[in-house]
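In what follows, a structure is listed as structure tokens, so that the remarks can point back to it.
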Amino acid sequence: GKHAGRNNFQFYAREFTARSLERMDKELALRKALKNGELEVYYQPQIDLQTGLLIGAEALLRWRRPGLGLIEPDDFIRIAEESGLIVEIGEWVLSVACGAVARWNARRSRPLKIAVNLSPRQFVRNELVDAVARILADTGCKPAWLDLEITENLLLEDSERTVSMLAALDAMGASISIDDFGTGYSALSYLHRFPVSRIKIDRTFVDGIDGQAEKSELVKAMLSIAAALNLGSVAEGVETAQQAAYLKQRGCRAAQGYLFGRPMPLADFENFLNKQTAS
Ligand code: C2E
Ligand code: CA
Ligand code: CA
Ligand code: CA
């Protein structure tokens, strides 16, 4: 009856308010985190599977929240995206990561590449291209040292703006990787319509190499696609030597995962780097 309806409404209203308050709270905290230096970039090594050499790192965001410890992106990226804060945060990650790789490469003969994740939200406005150009100039990072990771879902819309922005980033000399390859809904045809240089095989497929025949077949198929289209390949979430051996044997170019190194703070990654050059 009438009363039940009203009670339901009050219940939902209360629930809704509690949830939106929690979100507003987190958004506000995130805004402050950016200003107060609570955000941190972690680095995870990427290895050339064929030579075993370190070729670069992926920059992964962390939030060191006072009193709450280290928070992983799964807990705050969505709020950053929905609030639009990801645009500012994303540019901050880019400048920190580009600065780091420029410093590393100043003392190396074989330059490393830094991979940075871009949210679809960062493609909503054209400013991204100018921001990347400015950050490269400010940090002394060469465009060829920067790899931009985008997801298939960005390409799904296939908007003129996205196409031209990707073309501009490519023309600048940065490379573009398709993150979480195989998990989105896109048709494969985008691989030659967009300036893509490599695919990142999602962890959910790599996971299955050890036991699940179907998943190993899928990984094999993805590697054939990469080879046929002259694209590089990176396997994500490589945790075992068997997975690495399987991938290597089937021509996978690079790998990233706990087997080679976890995402680590700058100081730890620099120690890791020094050990590499020493050996
Ligand atoms: P992603 O881009 O797919 O990043 C790979 C995730 O896999 C990372 O999670 C990494 O810590 C985890 N990982 C790496 N190797 C292994 C492994 O061997 N085993 C397992 N189980 N996991 C592994 P993380 O750091 O929690 O990041 C989660 C997601 O958050 C990222 O997924 C990415 O989509 C997003 N993200 C992280 N940093 C940024 C950023 O700066 N900007 C944007 N837009 N998104 C970011
Ligand atoms: Ca995680
Ligand atoms: Ca990524
Ligand atoms: Ca991924």
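First listed ligand is number 1; within each ligand, the first listed atom is number 1. Please read these numbers as outputs of a predicted model, since none were measured by experiment.
- Proximity of G90 to ligand 1 is not established, as no heavy-atom distance is less than 4.0 Å.
- Applying the side-chain hydrogen bond (donor to acceptor under 3.5 Å, both in side chains) rule to R78 yields the partners E82; only residues at least two apart in sequence or on another chain are considered.
- With sequence neighbours excluded, no residue satisfies side-chain hydrogen bond (donor to acceptor under 3.5 Å, both in side chains) with Q50.
- Counting heavy atoms closer than 4.0 Å to ligand 1, residue Q256 contributes nothing at all.
- Contact annotation: for D74 versus ligand 1, heavy atoms closer than 4.0 Å belong to the side chain alone.
- Because its NZ or CZ atom is both nearer than 6.0 Å to the ring centre of Y258 and within 45° of the ring axis, R262 counts as a cation-pi partner of that residue.
- If you look at S119 next to ligand 1, the close heavy atoms, those under 4.0 Å, come from the backbone and the side chain alike.
- An N or O contact shorter than 3.5 Å is missing between Q122 and ligand 1 by distance.
- The proximity of E81 to ligand 1, defined as any non-hydrogen pair under 4.0 Å, does not occur for either the backbone or the side chain.
- Counting heavy atoms under 4.0 Å from ligand 1, residue L259 does not touch it at all.
- Contacts of L61 with ligand 1, taken as heavy-atom pairs under 4.0 Å, involve both backbone and side chain.
- Contacts with ligand 1 closer than 4.0 Å are made by no heavy atom of I89, backbone or side chain.
- Under 4.0 Å is where a charged nitrogen must lie from a carboxylate oxygen, and between E236 and R203 no such pair does.
- In K200, neither the side chain nor the backbone holds a heavy atom less than 4.0 Å from any atom of ligand 1.
- The shortest heavy-atom contact between M165 and Q122 is CE-O, 4.0 Å.
- Atoms of ligand 1 found under 4.0 Å from any heavy atom of E72, numbered from 1 in the order shown, are 26 (O).
- Under a 3.5 Å cut-off, the side chain of E91 and the backbone N or O of E88 do not form any donor-acceptor pair.
- Listed by chain and residue number, the protein N/O/S atoms under 3.0 Å of the Ca ion (ligand 4) are D179 OD1, D180 OD1, E236 OE1, E236 OE2, with waters left out.
- Under a hydrophobic-cluster definition in which Ile, Leu, Val, Met, Phe, Trp and Tyr are linked whenever side-chain heavy atoms come within less than 4.5 Å, directly or via other members, L85 and L60 are assigned to different clusters.
- With a 4.0 Å heavy-atom cut-off, ligand 1 is reached by no atom of V116.
- Judged purely by distance below 3.5 Å, without hydrogens or angles, the side chains of S119 and E81 pair a donor atom with an acceptor atom.
- At least one N, O or S atom of N117, from either the backbone or the side chain, sits less than 3.0 Å from the Ca ion (ligand 3).
- Judged by distance alone, the side chains of S233 and R253 never bring a donor and an acceptor atom under 3.5 Å apart.
- Counted within 6.0 Å of NZ on K215, heavy atoms from surrounding residues, nucleotides or ligands total more than 12; the atom is thus considered enclosed.
- For E27, the salt bridge (Lys or Arg N to Asp or Glu O under 4.0 Å) partners two or more places apart in sequence, or in a different chain, are R31.
- A distance-only check finds no donor-acceptor pair linking the side chain of D180 to the backbone of D202 [under 3.5 Å].
- Neither the backbone nor the side chain of R262 comes within contact range of ligand 1; no heavy atom lies under 4.0 Å.
- On a distance-only criterion, Y258 and ligand 1 share at least one N/O pair closer than 3.5 Å.
- Close approach of ligand 1 to D180 is summarised as follows: ligand atoms under 4.0 Å from at least one heavy atom of the residue are 3 (O).
- Note that CD1 of I176 is 15.0 Å distant from CD1 of I199, once rounded to the nearest 0.5 Å.
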